[in-house]
Protein chains: 2
Amino acid sequence: MVVDRLIDETVDGLFRSLADPTRRDILRRCGRGQLSVSQLAVCYPMSFAAVQKHVAVLEKAELVTKERKGREQLVRGKVETIRTAGRLLEELEVVWRGRIDRIEQILGDEKRGSRK
Amino acid sequence: MVVDRLIDETVDGLFRSLADPTRRDILRRCGRGQLSVSQLAVCYPMSFAAVQKHVAVLEKAELVTKERKGREQLVRGKVETIRTAGRLLEELEVVWRGRIDRIEQILGDEKRGSRK
DNA sequence: CTTATCTACAACCAGATGGTTGTAGATAGG
DNA sequence: CCTATCTACAACCATCTGGTTGTAGATAAG
């Protein structure tokens, strides 16, 4: 199993974070980590506090990190977490493709060793 | 752009569907499409109606399809939609990696024509 | 036909979510 | 020092979400 031992809550938070257009847009903007929270905030038709909350959600899901720079807080995207999400999806495909085969193989292995 | 013209609502529904452990488990189980809604329902500590709602959410997000078989409704995973989700994540990575380069390139192309 | 099973859907409820405003602490600049 | 800016966080509110129960339609089985 490629992505093991990620508890449900973590995965929930990861995908839930991605399920909001404002947060996806924040992610697109902050790949290089040059934008402060207030710079991000002016991009959206909502209050600073609302954007701050979105950033907090992303941070909790580890999709971004924040780095203090004077009185600003620079937001940077965390590529590893995006990859984790991608791997979770791939794993699903693998389960779909291999479920039955794998069960048969395991049952076979018990008496025959590897097949083919 | 690999994944174009997917409106926000669609993407929201896609990731939101994935942000629930019951629904992720349903997806894992129904890759081959052999399971009816009621067969799925007995796997979880909740009512039939609750599982039915989860399946409805997955169906609306096009992560599964349903196929009538007599009085049952067989649920089958839709691999293309999983791939769509994966591509959305990859696209994010691409934006992070190439944002600045691409802006420079577009500005350059305006006077130079296509490169390479 | 009658009954049991599978599905669909409405109504309802508690808790989470996404927004608001307001207050307050830190830091930069005049 | 004083002020403006950036951030943090609490309180509040409307809506969405994930669960429940109950009712009803269709199909399979006796």
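Letters A, B, ... mirror the listed sequences (proteins, then strands); counts begin at 1. Small disclaimer: the values here were computed from a predicted structure and weren't measured.
In this structure, A/F48 places its CZ atom 10 Å from C1' of D/dT5, rounding to the nearest Å. For the pair A/E72 CD and D/dA4 C1', the computed distance is 14 Å after rounding to whole Å. Between the CG atom of A/L40 and the P atom of D/dC6 there is a distance of 13 Å, rounded to whole Å. The nearest whole Å value for the distance from the CG atom in A/D20 to the C1' atom in C/dG19 is 11 Å. Here the C1' atom of nucleotide D/dA8 and the NE2 atom of A/H54 are 17 Å apart, to the nearest Å. Rounded to whole Å, the distance from CD on B/Q39 to P on C/dT7 is 8 Å.
Put simply, CZ on A/R23 and CZ on B/F15 are 12.0 Å apart, with the number rounded to the nearest 0.5 Å. Rounded to the nearest 0.5 angstrom, B/R83 CZ and A/E93 CD are separated by 4.0 Å. Between the CZ atom in A/R24 and the CG atom in B/L89 there is a gap of 10.5 Å [rounded to 0.5 Å].
OP1 or OP2 of D/dT20 sits under 4.0 Å from a side-chain N or O of B/S47. Side-chain nitrogen and oxygen atoms of B/T22 include none within less than 4.0 Å of the OP1 or OP2 phosphate oxygen of D/dG18. Neither OP1 nor OP2 of D/dA4 sits under 4.0 Å from any side-chain N or O of A/R71. In this model, the phosphate group of D/dA8 is approached by a side-chain N or O of A/Q52 to a distance below 4.0 Å at OP1 or OP2. For the OP1/OP2 pair of D/dC6 and a distance below 4.0 Å, the side-chain nitrogens and oxygens of A/R68 include no atom meeting the criterion.
Nearest-nucleotide mapping onto DNA chain C: of A/K69 and A/V57, the residue sitting toward the 5' end is A/V57. When each of A/K53 and A/Q73 is assigned the nucleotide of DNA chain D with its nearest heavy atom, A/Q73 is the one assigned upstream, toward the 5' end.
Within the nucleic acid shown, B/K66 comes within 4.0 Å of sugar-phosphate atoms alone, with no base atom in reach, counting heavy atoms only. B/A49 comes within 4.0 angstrom of a nucleotide base, judged by non-hydrogen atoms across all strands.
The backbone N or O of B/K78 lies less than 3.5 Å from no partner atom in the side chain of A/W96, so there is not a single donor-acceptor pair.
In this structure the side chain of A/V75 never reaches within 4.5 angstrom of the side chain of A/L58, judged on heavy atoms.
Proximity note for B/M46 (side chain, C-beta onward) versus C/dG18, C/dT7, D/dT20: the nearest is D/dT20.
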